K.L.:
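Take a look at this one; I'll ask things after.
Numbers here are sequence positions counted from 1. Not measured: the values here are computed from a predicted model.
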Amino acid sequence: QVQLVESGGGLVQPGGSLRLSCAASGIAFRMYAMGWYRRTPGNQRERVALISSTETTNYADSVKDRFTISRDNAKNTVYLQMNSLKPGDTAVYYCYAAPGDHWGQGTQVTVSS
């Protein structure tokens, strides 16, 4: 059974940083593309960042130069380092794995003073 378990969300002030983690099990992690999506309070879903099995990365324009996605195949874990956070980054962040369209349960990130 595939499981993706996110952690690291929380409340942070504008300009602050958070690091999200997603621990995967039940998949051949090193062969999977991994990603982060978010769903905003307005219920918009946005692809935030992707990392391929060969570590090619792709970012939404809204987070380029602020967020960094990385993976540790030895730990079956993908990370999202988020810097210079803005109130507009407030959302539930979901971990994603492909092939197979696997999703985590989500972790809340709130950016507010």
Side-chain angles (χ1 to χ4, degrees):
Q1 183 179 354
V2 179
Q3 279 195 313
L4 302 176
V5 180
E6 301 101 333
S7 60
L11 173 64
V12 64
Q13 292 188 342
S17 298
L18 282 175
R19 188 175 82 155
L20 305 183
S21 300
C22 171
S25 59
I27 59 173
F29 182 81
R30 64 178 62 249
M31 297 178 67
Y32 274 64
M34 302 295 298
W36 291 93
Y37 285 73
R38 65 188 181 188
R39 188 171 294 277
T40 67
N43 211 34
Q44 297 279 344
R45 191 178 79 171
E46 179 184 24
R47 187 178 68 190
V48 177
L50 296 176
I51 185 166
S52 73
S53 59
T54 57
E55 302 202 14
T56 299
T57 58
N58 181 270
Y59 296 92
D61 287 343
S62 58
V63 307
K64 274 181 185 175
D65 301 324
R66 299 190 298 122
F67 290 10
T68 302
I69 189 170
S70 61
R71 63 191 297 158
D72 185 336
N73 290 339
K75 295 182 178 180
N76 285 5
T77 300
V78 62
Y79 304 97
L80 186 68
Q81 178 66 44
M82 305 186 294
N83 299 328
S84 302
L85 282 161
K86 305 175 181 179
D89 295 317
T90 294
V92 179
Y93 285 72
Y94 296 90
C95 181
Y96 171 79
D101 284 345
H102 304 289
W103 294 91
Q105 81 286 354
T107 185
Q108 176 71 46
V109 172
T110 302
V111 184
S112 175
S113 54

K.L.:
Can you name the nearest heavy-atom pair linking Gln108 to Ala91, along with the distance?
P.N.:
NE2-O, 3.4 Å
K.L.:
Can a donor-acceptor pair be found, under 3.5 Å and without considering hydrogens, that links the side chain of Ser62 to the backbone of Ala60?
P.N.:
no
K.L.:
Using atom types as modelled and distance alone, determine if a side-chain donor or acceptor of Arg66 lies under 3.5 Å from a backbone N or O of Ser84.
P.N.:
yes
K.L.:
So Val92 and Thr107, do their side chains get closer than 4.5 Å, heavy atoms only?
P.N.:
no
K.L.:
Taking CG in Asp101 as the centre, count heavy atoms belonging to other residues, nucleotides or ligands within less than 6.0 Å. Is the count above 12?
P.N.:
yes
K.L.:
Apply the test side-chain hydrogen bond (donor to acceptor under 3.5 Å, both in side chains) to residues Ser52 and Thr54: give CA-CA distance (whole Å), side-chain angles for both, the deciding distance (0.1 Å), then the verdict.
P.N.:
CA-CA 5 Å; Ser52 73; Thr54 57; 3.0 Å; yes
K.L.:
With sequence neighbours left out, what residues match Glu55 under side-chain contact (heavy atoms from CB on, under 4.5 Å)?
P.N.:
Ile51, Arg71
K.L.:
Could you give the distance from CD (Gln44) to CD (Glu46), rounded to the nearest 0.5 Å?
P.N.:
9.0 Å
K.L.:
Using a 6.0 Å distance limit plus a 45 degree cone around the ring axis, check whether Arg19 lies over the aromatic ring of Tyr79.
P.N.:
yes
K.L.:
Nearest 0.5 Å, what's the CG-OG1 distance between Leu50 and Thr57?
P.N.:
9.5 Å
K.L.:
Heavy atoms only: give me the nearest Ala23-Thr77 pair and the separation to one decimal.
P.N.:
CA-OG1, 4.0 Å
K.L.:
Quick one: which residue pairs count as a ring-ring contact (aromatic ring centres under 6.0 Å, His included) with a foot in residues 27-46, not counting sequence neighbours?
P.N.:
Tyr37-Tyr96, Tyr37-Trp103
K.L.:
Output yes when Asp89 and Lys86 qualify as a salt bridge under the 4.0 Å nitrogen-oxygen rule, no when they do not.
P.N.:
no
K.L.:
For residues Leu85 and Leu80: do they belong to one hydrophobic cluster (side chain heavy atoms under 4.5 Å, members Ile, Leu, Val, Met, Phe, Trp, Tyr)?
P.N.:
yes
K.L.:
Return the CG to CE distance between Asn73 and Met34, rounded to the nearest 0.5 Å.
P.N.:
10.0 Å
K.L.:
Just checking Arg30: does its CZ atom have more than 12 heavy atoms from other residues, nucleotides or ligands closer to it than 6.0 angstrom?
P.N.:
no
K.L.:
Less than 4.5 Å apart, any side-chain heavy atom of Leu18 and any of Val109?
P.N.:
yes
K.L.:
Applying a strict under-4.5 Å side-chain criterion to I, L, V, M, F, W and Y, I'd like to know whether Val63 and Tyr94 cluster together.
P.N.:
no
K.L.:
Can you tell me how far apart CZ (Arg38) and CE (Met82) are? Round to the nearest 0.5 Å.
P.N.:
9.0 Å
K.L.:
Which atom pairs, donor and acceptor, lie under 3.5 Å between side-chain atoms of residues 4-17 and protein residues at least two apart or in another chain?
P.N.:
unit_1: Glu6; atom_1: OE1; unit_2: Gln105; atom_2: N; d: 3.0
unit_1: Glu6; atom_1: OE1; unit_2: Gln105; atom_2: NE2; d: 3.3
unit_1: Glu6; atom_1: OE1; unit_2: Gly106; atom_2: N; d: 2.9
unit_1: Glu6; atom_1: OE2; unit_2: Cys95; atom_2: N; d: 2.7
unit_1: Glu6; atom_1: OE2; unit_2: Gly106; atom_2: N; d: 3.2
unit_1: Ser17; atom_1: OG; unit_2: Asn83; atom_2: OD1; d: 2.9

K.L.:
Side-chain contact, heavy-atom cut-off 4.5 Å: Val78 with Ile69?
P.N.:
yes
